[in-house]
J.: 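Below are the structure tokens for one structure; questions will follow.
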Amino acid sequence: MAVPRKKTTKSKRNMRRAHDALTGTQVQECQNCGEMKRPHHVCDSCGYYGDREVVEAADVL
């Protein structure tokens with residue numbers, strides 16, 4: 001098994017991990033009902049995508 005020749009310093013380790021941070025979920029307001037929804041997804045509360053209804057409101061939970 002390969003063994004590292006030198007110890008990785010805290011600085012090098014932290015520089016490597018600098019891009020690993022998680023980002024929060026992006027949400028935006030629905031143009032039809034005002035509820036918060038994910039961008040480019042059908043609104044869960046009213047069934048609208050953009051300016052048109054794509055899912056019946058009764059079908060949406």
Side-chain angles (χ1 to χ4, degrees):
M1 181 177 169
V3 178
R5 196 164 189 161
K6 292 182 180 178
K7 177 181 177 180
T8 303
T9 64
K10 292 178 184 178
S11 175
K12 288 290 183 184
R13 182 198 62 200
N14 292 340
M15 283 193 288
R16 183 182 68 238
R17 293 179 181 174
H19 305 286
D20 294 345
L22 298 176
T23 59
T25 304
Q26 299 293 321
V27 292
Q28 66 184 27
E29 186 175 328
C30 177
Q31 295 174 355
N32 186 48
C33 66
E35 290 289 323
M36 300 306 286
K37 69 173 192 73
R38 294 189 303 170
H40 304 286
H41 284 77
V42 176
C43 179
D44 291 335
S45 62
C46 65
Y48 270 67
Y49 181 83
D51 58 347
R52 59 190 162 99
E53 185 176 7
V54 293
V55 179
E56 293 286 330
D59 294 343
V60 178
L61 296 178

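A quick note: this is a predicted structure, and the numbers were derived from the prediction, not measured.
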J.: With sequence neighbours left out, what residues match Arg38 under side-chain hydrogen bond (donor to acceptor under 3.5 Å, both in side chains)?
T.: His41
J.: Identify the two heavy atoms, one from Gln28 and one from Pro39, that lie closest to each other, and give their separation to 0.1 Å.
T.: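 Here Gln28 and Pro39 meet closest at OE1-CB, 3.7 Å.
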J.: The criterion is side-chain contact (heavy atoms from CB on, under 4.5 Å); which residues satisfy it with Gln31, sequence neighbours excluded?
T.: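 Listed in chain order: nothing, the list is empty.
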J.: Among Lys7, Lys6, Lys12, exactly one meets side chain to side chain contact (heavy atoms under 4.5 Å, CB included) together with Thr9. Which residue is that?
T.: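 Answer to the side chain to side chain contact (heavy atoms under 4.5 Å, CB included) test with Thr9 among Lys7, Lys6, Lys12: Lys12.
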J.: Can you find a heavy atom in the side chain of Met36 that is under 4.5 Å from one in the side chain of Glu29?
T.: yes
J.: Provide the closest heavy-atom pair for Val42 versus Tyr49 in the form atom of the first, atom of the second, distance.
T.: N-CD1, 4.0 Å
J.: Are any non-hydrogen side-chain atoms of Cys30 and Cys46 less than 4.5 angstrom apart?
T.: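 Answer yes - side chains close enough.
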J.: Would you mind listing every side chain to side chain donor-acceptor pair (under 3.5 Å) that reaches into residues 13-22, with sequence neighbours excluded?
T.: none
